[in-house]
Structure formats: structure tokens, C-alpha cells
Protein chains: 2
Amino acid sequence: MRVGELAARTGVSVRALRYYEEQGLLTAGRSPGGQRHYARGAVDRVVLIQRLYAAGLSSRTIAELLPCVVDGRATPDLLRRLQTERDRLEGRIRDLLEVRDSLDGVIGAAAANERTGAPCERSTRVSP
Amino acid sequence: MRVGELAARTGVSVRALRYYEEQGLLTAGRSPGGQRHYARGAVDRVVLIQRLYAAGLSSRTIAELLPCVVDGRATPDLLRRLQTERDRLEGRIRDLLEVRDSLDGVIGAAAANERTGAPCERSTRVSP
DNA sequence: CTAGAACCTGACGTTGACGTCAGGTGCAAG
DNA sequence: CTTGCACCTGACGTCAACGTCAGGTTCTAG
């Protein structure tokens with residue numbers, strides 16, 4: 001499959017796919033004319049890359065960890081990096097859960113106020 | 001308290017605090033000479049801002065929602081925005097949990113391989 | 001009163017993950 | 001064979017959340 005199809009299948013832009021290749025996250029064969037040609041598994045790989053980005057990892061980190069994520073092998077050094085990233089992720093998740101809960105609190109209070117009729121004026125009160 | 005102290009208390013740079021003010025996230029009184037002067041509550045507010053950033057909200061979104069997050073009042077419109085952001089956050093959390101679990105899987109497998117002696121060569125296998 | 005730390009504004013620099021544009025090439029259909 | 005869409009490389013643009021630097025002012029300790 002060529003780059004346009006992979007883009008369509010993954011929902012990622014063509015530009016992004018070339019960027020991933022540039023960063024060493026994704027490889028492609030080439031047609032005689034120089035066009036990229038991807039294997040079927042590339043779709044899953046791109047999806048995985050997207051998820052790792054979403055988890056807050058940088059291209060550099062992903063490039064270092066991805067080979068081992070893919071084939072499940074790691075040097076002791078890489079294993080430590082994996083653990084580090086896992087722990088960082090765990091902390092992020094905890095933070096987000098707290099924010100979610102506090103948003104829930106705010107929403108609950110606002111909904112109650114709405115029922116009792118007490119609208120919010122824009123930027124009326126700011127911290128003194 | 002002045003900007004340096006607030007920065008020290010929150011662990012946020014002075015530049016960032018001025019940026020928050022520029023974005024309408026934080027307000028400050030001024031001394032006769034023009035220096036910013038913050039109330040005690042500013043520390044909590046800055047911490048809250050940091051957490052909202054960490055949750056993936058933009059300055060613009062935070063600026064819109066913060067007044068209502070602070071005083072618990074919202075127009076129906078803002079209430080919907082709050083719900084939207086809450087749901088977005090929920091989705092993000094689910095994604096991160098999945099990534100964490102898959103990292104756990106990788107770490108488990110890698111640790112097992114390490115015990116059985118099967119190191120990971122750098123970029124040996126890439127998707128064909 | 002004076003040194004110097006802390007502060008001010010304004011403006012340009014940085015970084016990551018792409019977007020976008022220019023100018024040229026590959027390739028399948030008719 | 002030529003039309004035209006998909007693709008190529010290379011290079012500059014963008015955007016957010018600050019960093020950093022210049023040149024000047026304010027505040028506070030001694």
C-alpha cells in the first residue's frame with residue numbers, strides 16, 4: 001500500500017507519516033520510482049505510534065522504545081527506560097483523574113446553581 | 001507577595017506567571033511603582049492552572065472555564081463546555097490506561113526474556 | 001543614599017509535530 | 001501518448017507555552 005492509503009486507513013496525514021519515517025519510527029520499502037510502499041502491519045504500527053504520542057512520549061523516546069515494544073525484547077538499560085516511562089505515565093494518569101474529579105465537582109455545583117438560578121457573569125470576580 | 005515569591009512557591013517560572021496574566025488566567029494588583037502584587041490565594045490558582053494545562057486544556061479553554069471553576073457558577077453554555085472537556089478528559093484517561101497496560105505487558109515480556117537471556121538488538125527488525 | 005537584587009516592558013528565540021507550498025516525477029487509464 | 005492524480009524532496013510557516021535577552025525602573029538592606 002502507498003502512503004495515501006496508509007494515511008486514509010490510520011487517519012493520520014501523509015505529512016505525519018513522512019515525519020514518522022524521518023524520526024525513525026516507521027520504515028517503508030520503495031517502488032522503482034521511489035514511492036513508499038508499506039506492509040499491512042504498518043497500520044497497527046502507526047496506531048501504536050499515535051497512542052504513544054498521546055501518552056506524552058516524544059519522538060525520540062518512542063524511537064528508542066518502539067523496537068522493543070514491537071518484539072518484546074529489551075536490554076536491561078531499555079527495560080529501565082520502559083519502567084521510567086511507565087511510572088511517568090502512571091503519575092500523569094493520577095493527575096488527570098484528580099482533574100476529572102474536580103471537574104465533576106464543579107459541574108455538579110454549577111448544575112445545582114443552574115437549577116436554583118444563579119448565572120455566572122463573565123470575569124466578574126477575579127482573585128483579589 | 002511579588003512575582004518572584006509566587007514563582008518560588010508554585011515552582012512556576014516568572015515568565016510563565018506573566019504569560020498566565022497575559023492570557024487572562026491570573027490577575028494581579030500593582031504597587032505604585034508598577035510591580036505585580038498577588039494575594040495568598042494566587043498560589044492555589046496557579047496550581048490549578050498547572051493541573052488544567054496538564055489535563056491538556058489550552059490557555060483559551062482555561063480562560064473560558066476558570067472563572068466558573070473558581071466560583072462554581074456557569075451559564076448553561078459554559079456548563080456544556082465543562083461537560084465536553086470532562087468527556088474529552090475521560091477519553092484521554094482511558095487511552096492512557098490502555099497504553100500503561102500495554103507497557104506493562106511489554107515490560108513483563110522483556111523482563112522474562114531478560115531472565116532467559118534474549119537481548120534486543122538495536123533496530124534489527126523493522127516492519128517489512 | 002547607594003548598591004544590587006528583583007522587577008518592568010518589549011521583542012525575538014526555541015521546540016515539537018506537523019501544515020503548506022513550490023517545482024518536479026511516477027504511474028494507471030483511456 | 002497524454003492527462004491527471006498521487007507521489008517525491010526541500011524548504012519555509014505555524015502554534016502554544018514559554019525561554020531569553022536588552023535596556024531601563026523599583027524596592028530594600030545597610
Side-chain angles (χ1 to χ4, degrees), chain A residues 1-39 42-43 45-66 85 88-89 92 95-96 99, chain B residues 1-39 42-43 45-66 85 88-89 92 95-96 99:
Chain A
M1 87 198 294
R2 292 189 301 172
V3 72
E5 189 180 346
L6 182 57
R9 281 190 198 277
T10 57
V12 167
S13 73
V14 170
R15 177 64 174 95
L17 293 176
R18 296 194 311 173
Y19 177 73
Y20 295 166
E21 183 171 339
E22 193 181 316
Q23 300 299 307
L25 308 182
L26 189 62
T27 49
R30 296 297 178 122
S31 78
Q35 300 197 352
R36 289 170 180 84
H37 181 253
Y38 297 93
V43 173
R45 195 181 176 104
V46 170
V47 170
L48 175 58
I49 290 171
Q50 289 280 95
R51 300 179 65 169
L52 292 174
Y53 272 126
L57 307 196
S58 66
S59 293
R60 190 164 138 61
T61 303
I62 296 176
E64 288 171 22
L65 301 183
L66 199 52
E85 294 303 333
R88 191 193 314 286
L89 183 51
R92 259 176 83 84
D95 284 355
L96 296 200
V99 172
Chain B
M1 86 199 294
R2 294 189 301 171
V3 72
E5 189 179 346
L6 181 57
R9 280 190 198 277
T10 57
V12 168
S13 74
V14 171
R15 177 64 174 95
L17 293 176
R18 296 194 311 173
Y19 177 74
Y20 295 165
E21 183 171 341
E22 193 181 316
Q23 300 299 307
L25 308 182
L26 189 62
T27 48
R30 296 298 179 122
S31 77
Q35 300 198 349
R36 289 171 180 82
H37 181 251
Y38 297 94
V43 173
R45 193 178 179 108
V46 170
V47 169
L48 176 59
I49 291 171
Q50 289 281 93
R51 300 180 66 167
L52 293 174
Y53 273 125
L57 307 196
S58 66
S59 293
R60 191 165 138 59
T61 304
I62 296 176
E64 288 171 23
L65 301 183
L66 200 51
E85 294 303 333
R88 190 192 314 286
L89 183 52
R92 261 177 80 83
D95 284 354
L96 296 200
V99 172

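Numbers restart at 1 for each chain; the letters A, B, ... are given by sequence-line order, proteins then strands.
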Separation of dT26(D) P from H37(B) NE2 (nearest whole Å): 18 Å
L25(A) versus Y53(A), closest heavy-atom pair with distance: CD1-OH, 3.5 Å
Can you measure I49(A) atom CD1 to dG16(C) atom P for me and round it to whole angstrom units? 17 Å
Rounded distance (Å) that lies between atom P of dA16(D) and atom CD of E22(B): 12 Å
Tell me: CE of M1(B) to P of dA6(C), nearest whole Å? 14 Å
Write down the atom of A28(B), the atom of E21(B), and the distance for their closest heavy-atom approach. CB-OE1, 4.1 Å
Could you check R2(B) against E5(B) for salt bridge (Lys or Arg N to Asp or Glu O under 4.0 Å), going step by step and ending with a plain yes or no? CA-CA 6 Å; R2(B) 294 189 301 171; E5(B) 189 179 346; over 6 Å; no
Where protein sits on nucleotides 17-29 of chain C, one letter per nucleotide: B base, S sugar-phosphate only, - none, heavy atoms under 4.0 Å: BBBB-----SS--
Taking atom P of dC27(D) as reference, at what distance in whole Å does atom CZ of R30(B) sit? 12 Å
Heavy-atom pair with the smallest gap, counting every atom of S59(B) and Q23(B): CB-OE1, 3.8 Å
Non-hydrogen atoms of A54(B) and L96(A) that approach each other most closely: O-CD2, 3.5 Å
Protein-nucleotide distance (L26(B), atom CG; dC18(D), atom C1'), rounded to Å: 15 Å
Atom CD of E21(B) and atom P of dC18(D): how far apart are they, to the nearest Å? 15 Å
Please give, in whole Å, the distance from dT26(D) P to R36(B) CZ? 14 Å
List in chain and number order the residues that pass side-chain contact (heavy atoms from CB on, under 4.5 Å) with S58(B), two or more places apart in sequence or in another chain; answer none if no residue qualifies. R60(B), T61(B)
